[in-house]
Amino acid sequence: MIQYRLSQKFPHDSFLQVEILIKPTKADFEVKLPDWRPGRYQLGNFSKYLRNFNAFDKNEEPLNFKKTNRNTWLIHCEDEECIIRYEIYTSIIDGGSTFVDEEHWYLNFINCMIYQADDMKQVHKVHLDIPNDWEIACGLKKEGKELVADSFYELVDSPALVSNKLQHLEYRVQETNFHLWFRGNADLKNKNQILDDFKKFTAYQIETMGEFESKDYHFLFQIPDEKAYHGVEHLNSTCIVLGPAKEFNSETFYNNFLGISSHELFHYWNIIRIRPEEMYPYNFDKENYFITGYVAEGVTTYYGDLFLVRSGVKDLDWYIDELNILFKRHFENYGRFNTSVAESSWDLWLDGYEAGIPHRKVSIYVKGALIALILDLKIILESNGEKSLDDVMRKLWTDFYKKDKGYSSEDYLKTAEEVIGYELTDYLNKFITGCEPVENELKILLDQFGFEMELKANENSITHHLGLKINEETVISIAPDSPAEKAFRIGDKLIGINKQKFEEIQDVIHFEEETSYSFQFFRNNNLREVTIKTENGGFYSRYILKGNNDIKEDEKIMRKKWLNV
Ligand SMILES: [Zn+2]
């Protein structure tokens with residue numbers, strides 16, 4: 001057993017003091033701090049937040065140790081027990097961070113707990129030195145102020161929210177108690193609505209997947225006063241940071257609140273349990289490259305929204321709007337011609353969570369969701385509504401998770417092929433490992449459910465005609481093969497068009513095709529002028545989805561099978 005004690009020397013301070021009692025397996029043994037956290041597939045280098053590492057024997061005599069790489073310490077201890085002490089600096093609240101102050105502790109053990117590299121499956125106990133009136137919201141077993149995990153894997157996949165100011169709602173679906181914990185200034189005046197909606201999508205998800213293994217599940221909500229949107233899935237809980245608190249009861253906030261919660265809950269099955277083989281189990285010591293981000297995040301993004309409409313929490317118009325948001329993000333990204341979703345998944349470890357260089361890659365969330373949509377519609381049509389992507393996910397659950405193994409990209413495709421009844425090589429080559437446009441396939445499929453896809457020009461005249469996206473006066477994006485590409489670079493600051501002040505003319509100017517315009521702008525504080533000739537325009541256009549007004553009877557039936565509306 002490994003025992004941790006967490007305390008704060010000064011409750012107002014940003015540092016968390018950690019003490020660990022460990023039983024060395026040999027005289028020279030290694031301890032490590034994880035280098036990344038599940039849910040964010042890039043190195044986190046958490047050791048940079050750690051200071052004052054020291055090791056002692058049971059008589060408090062200092063032990064020799066050395067750091068052998070950025071997150072590993074080699075300790076020499078001939079005693080049967082070793083004490084390790086260090087401090088962790090906490091300053092950020094996001095979906096995966098640790099934060100302590102005098103009002104609450106928000107603990108993601110993955111970024112602050114050192115582990116014994118050769119014995120991760122022992123019992124891990126954590127004692128929290130907290131005031132007596134603080135409540136602990138956490139998926140782990142609790143004994144007073146102590147949390148107990150059966151392994152390091154369980155410990156770090158079970159974050160905790162601890163405070164005497166938590167608001168708590170609870171509902172039950174089948175055999176499971178679902179807890180909603182709120183930290184921050186969330187006004188829960190509509191709690192009946194919240195409980196109603198959560199109950200509906202939870203029940204629908206469990207019914208769809210057929211099984212929920214945990215007796216308790218915890219939604220841990222941080223509701224900061226600032227704008228925030230971030231969620232991370234865990235073993236039997238999720239951390240969701242959503243702000244600003246003052247907008248908690250606005251329609252947009254509430255829809256985001258439902259959307260992110262439904263998404264994170266579906267991760268209970270998809271990735272927490274149905275997991276890529278490359279991460280089964282997780283290796284916290286290095287990159288865990290995998291190409292199936294389109295399943296882990298794409299399918300989850302698709303289902304997060306889909307479950308809200310299928311369970312009756314949201315209506316069809318809302319769902320169409322959500323698909324249009326995905327369309328906008330996908331079709332305005334020229335990276336879709338350059339990098340496949342499989343390669344973009346691999347590159348998560350490179351720059352998956354930042355904008356990255358222009359038009360290099362696609363989002364595993366966005367393109368992943370669109371190709372999940374394609375697959376779902378194909379299966380529904382092929383089986384005449386008898387089957388769907390649900391069957392693929394259920395089959396992955398029984399064939400992989402239940403057999404205690406992870407799946408590969410081939411396994412996913414093979415499972416889908418077994419459900420649909422024909423080979424999906426074409427789907428794989430075009431949409432997973434290839435960069436074929438998705439719109440042609442989507443148009444044909446959606447038409448059979450009574451939906452139309454229409455190409456819509458970008459609303460901004462400069463963007464549409466020149467291929468230039470501007471924020472205030474600064475160039476932020478340039479379309480490949482556009483007139484703008486010949487003259488501008490990111491960061492240029494526009495001050496005039498045809499010698500008229502840019503800020504006055506930008507919203508009223510009407511560009512003609514095949515016409516020359518002069519642009520005055522600053523590049524690195526140097527005034528420049530360039531003449532650009534427009535062509536046919538059409539840059540940054542996107543498809544929009546519309547429901548057909550004169551929907552046919554057979555389309556109505558298929559739509560019902562797909563969306564339950
Ligand atoms: Zn996710």
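Read the numbers this way: they start at 1 and go in the same order the structure lists the ligands and their atoms. Just so you know, these numbers use all the heavy atoms, side chains as well, and skip hydrogens, waters and symmetry mates.
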What N/O/S atom of [X] gets nearest to the Zn ion (ligand 1)?
X	value
H267	NE2
E297	OE1
H263	NE2

Answer with yes or no after comparing the ring centroid distance for [X] and [Y] against a 6.0 Å cut-off, counting only values under it.
X	Y	result
F307	F266	yes
F178	F198	no
F221	F182	yes

Ring geometry between F219 and Y217 (parallel below 30°, tilted from 30 to 60°, perpendicular above 60°): perpendicular
